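Not measured: the values here are computed from a predicted model.
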Amino acid sequence: MSKKLFFSALVAAQSAVAMAGGYLTNTNQSVIFLRNPARDATFGIEGCYTNPAGIGFMSKGWHFAFDVQSAYQTRCIDSWYADGPFRLGTVNGVANDPSGRKHFNGKAAAPVLPSFDLAKVSDRWFMSFHFGVTGGGGKCKFDDGLPSFEGQVAMLPALIGTIAPGVVNGYEIDTHMQGRQYYFGGQFGVGYKLLPGLSVSAGGRVVYADCNYYGYVRNISVSVNTPTGSMTMPAAQFFESQNMPHFAAVASDRELNCDQTGWGFTPIISVDYKTGRWNFAAKYEFKTRLRLKNRSGENTSGLDEFDDGKKVAADIPAILTMGAQYEIMDGLRASAGFHYYFDKQATQYESREEHLEGDGWEVLAGLEYDLNDKWTVSAGWQTTNYGLGDDSRFLRDLSFVTNSHSVGLGTAFRVSPKVRLNVAYFKTFYRHYRKNMADYADLKTTFGKMLTPMGTELQTAAGQLQAIISNPNASEADRIVAGQKLGIIQGELGALGAITNGMEGYSTAGFDNFHRTNDVFGIGVEINF
């Protein structure tokens with residue numbers, strides 16, 4: 001029952017560096033994208049991912065590209081609820097802000113994100129291959145845990161206050177959470193030029209997911225007022241001292257170490273039409289059905305999502321992309337694109353996708369200019385919108401996305417007629433998103449799920465003990481022991497009733513304010529042979 005107390009936020013499917021697109025979709029699969037993200041109707045080697053049908057308009061022969069990106073993110077959550085119980089806490093040895101507002105900071109880094117593309121073009125037939133990290137891509141660490149972890153611990157002084165007013169004045173906790181998530185994608189396509197200006201391509205992407213979640217809540221203690229001053233003791237010990245042994249389980253340590261792996265396949269079709277200075281392209285990626293299998297080294301969190309051997313739904317949404325490119329004059333090209341993510345049709349654990357108000361979408365635009373035969377410069381813009389709505393239940397502290405604007409810029413240098421280098425920088429500006437909650441992190445619901453079965457268990461035990469006491473065949477010693485135990489249980493039932501009534505009148509209204517930062521650097525090489 002109480003095992004769900006401090007890990008209720010761990011039902012996340014995304015904890016790493018998803019940098020653009022619908023949830024768990026990375027569209028930045030090349031350094032060329034970083035310097036101009038509007039690549040949906042271009043003819044470069046990056047088309048192996050963005051525009052497979054456009055590969056047919058490249059020069060005959062083999063084309064190859066290798067890119068390395070470095071991505072760095074921060075994830076920030078500003079939290080508050082009720083009358084600011086966070087102010088009473090000491091986390092990992094450091095006292096919280098006395099204002100009652102708590103800042104949780106996570107850092108995510110993917111120093112090396114490699115990708116490569118390979119294409120072969122003949123008179124009419126062509127083929128393409130792409131490999132990269134198409135979802136996730138790094139590690140995210142919250143050294144001081146998450147608000148939904150600490151939020152429940154922070155309620156201990158108030159809950160204890162309903163049965164022992166003024167006894168407990170604070171709490172201490174050691175906590176940590178981190179996640180790693182890589183979705184590797186190997187994409188292939190085969191295309192054919194139906195007409196001099198029309199080509200089509202069909203293929204797919206094999207996806208392999210490799211994830212890990214590790215976290216803990218340990219050493220939960222309370223600061224107790226005594227006649228000689230304040231002293232800190234383990235919360236479990238405090239409950240034992242109050243003749244409330246069943247409540248000691250509330251403050252036991254929780255740990256999770258779970259690996260998740262799974263395979264999926266994404267069918268992909270695309271078309272490209274070229275006329276004069278214009279080029280138009282479209283691509284559709286079907287939904288990827290993905291089930292992640294758990295291998296849990298330890299899971300005392302009480303969350304069955306991470307039970308060993310369980311398979312968890314984590315579909316990748318279908319994507320429709322459309323793009324256009326116009327050559328304004330020789331050497332100067334403008335491009336635009338639109339991405340639509342069918343997020344609400346992608347099944348997630350416990351149907352989490354149903355909490356979305358709508359699907360996600362992106363708009364992209366960019367310019368590219370050839371300064372001369374060797375140098376090319378480009379810049380682009382992208383806006384990403386998720387169907388979150390107001391106060392979205394889709395967002396959780398371990399896994400959250402917010403609407404954003406991104407800019408990219410960079411240059412290409414032609415080392416030789418067959419070799420070109422690309423260097424770029426991509427910056428995302430995320431909007432703040434405030435999630436208001438009438439019951440912060442579902443605290444009352446979580447405690448209710450714990451206290452209700454505890455009450456049933458105590459009532460059952462009380463009935464059994466009462467039967468022993470009333471049994472004329474029971475020995476006097478057995479009746480005495482049963483009476484002593486019954487007294488403890490009746491005291492616990494009284495405390496449980498007081499806590500339950502106290503919770504009804506205790507406001508847990510609050511908010512989480514989500515914000516992120518994202519910086520990506522990239523360098524790559526293209527080779528034609």
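Taking OG1 of T134 as the reference point, atom OH of Y182 lies at 13.0 Å (rounded to 0.5 Å). R431 contributes atom CZ, which lies 8.0 Å from atom CG of N385 (distance to the nearest 0.5 angstrom). To the nearest 0.5 Å, the span separating CG on N105 from SG on C76 amounts to 4.5 Å. Rounded to the nearest 0.5 angstrom, M177 CE and Y216 OH are separated by 11.5 Å. The structure places CG of N212 at 9.5 Å from CZ of R295, a figure rounded to the nearest 0.5 Å.
For the pair K283 and Y49, the cation sits on the ring face: its NZ or CZ lies under 6.0 Å from the ring centre, inside 45° of the axis. R352 forms a cation-pi arrangement with F394, by the criterion of a distance under 6.0 Å to the ring centre and an angle within 45° of the ring axis. Figure legend: K310 and F306 shown without cation-pi pairing, the cationic atom not lying both under 6.0 angstrom from the six-membered ring centre and within 45 degrees of its axis.
Here the two rings, on Y340 and W361, have centers that are 6.0 Å apart or farther. The six-membered or imidazole ring of F33 lies near that of F426, with a centre-to-centre distance under 6.0 Å. Side-chain rings of F286 and Y284 approach one another, their centers coming within less than 6.0 Å. Between F188 and F129, the distance from one ring center to the other does not fall under 6.0 angstrom.
Judged by distance alone, the side chains of H339 and E362 do bring a donor and an acceptor atom under 3.5 Å apart. Side-chain contact of Q29 with H130: a donor-acceptor pair under 3.5 Å is present, judged by distance alone. A donor and an acceptor atom, one from each side chain of N294 and S296, are nowhere located under 3.5 Å apart. Judged by distance alone, the side chains of T428 and S404 never bring a donor and an acceptor atom under 3.5 Å apart. Looking at H355 and E353, their side chains never bring a donor and an acceptor atom within 3.5 Å of each other. Looking at Y386 and D359, their side chains never bring a donor and an acceptor atom within 3.5 Å of each other. Side-chain contact of T261 with D210: a donor-acceptor pair under 3.5 Å is absent, judged by distance alone.
In terms of modelled atom types and a separation under 3.5 Å, the side chain of T162 and the main chain of L159 share a donor-acceptor contact. The main-chain N or O of F86 is found under 3.5 Å from a side-chain atom of N96 such that the two form a donor-acceptor pair. Between the side chain of Q69 and the backbone N or O of N28 there is at least one donor-acceptor pair closer than 3.5 Å. Of the possible donor and acceptor atoms, none in the side chain of T90 sits under 3.5 Å from a partner among the backbone N and O of G93. Looking only at distances, a side-chain donor or acceptor of Y433 sits under 3.5 Å from a matching main-chain atom of D391. A donor-acceptor contact shorter than 3.5 Å is absent between the side chain of S223 and the backbone of N169. The backbone N or O of A509 lies less than 3.5 Å from no partner atom in the side chain of D439, so there is not a single donor-acceptor pair. R516 places a side-chain N or O within donor-acceptor distance of the main-chain N or O of F400, the cut-off being under 3.5 Å. A donor-acceptor pair is defined here as one N or O able to donate and one able to accept, closer than 3.5 Å; no such pair exists between the side chain of S252 and the backbone of A248.
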### Task
Could you please spell out the steps behind the salt bridge (Lys or Arg N to Asp or Glu O under 4.0 Å) verdict for E255 and R218?
CA-CA 8 Å; E255 299 220 17; R218 301 171 182 161; 2.8 Å; yes
#### Entry: Pair R393-D442, salt bridge (Lys or Arg N to Asp or Glu O under 4.0 Å): steps then yes or no
CA-CA 11 Å; R393 290 185 61 83; D442 294 326; 3.3 Å; yes
### Check against side-chain contact (heavy atoms from CB on, under 4.5 Å), N518 and K427
CA-CA 6 Å; N518 182 56; K427 173 73 173 180; over 6 Å; no
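Using bins of under 30°, 30° to 60° and over 60° for the plane-to-plane angle, the ring pair Y81/Y440 lands in the parallel bin.
Between F447 and M503, the shortest heavy-atom distance links the atoms CB-CE, 3.5 Å. Of all heavy-atom pairs spanning D343 and P317, the tightest one is OD1-CG, 3.2 Å.
Residue R479 qualifies as enclosed at atom CZ: its count of foreign heavy atoms under 6.0 Å is above 12. At most 12 heavy atoms of other shown residues, nucleotides or ligands fall within 6.0 angstrom of atom NZ in K485.
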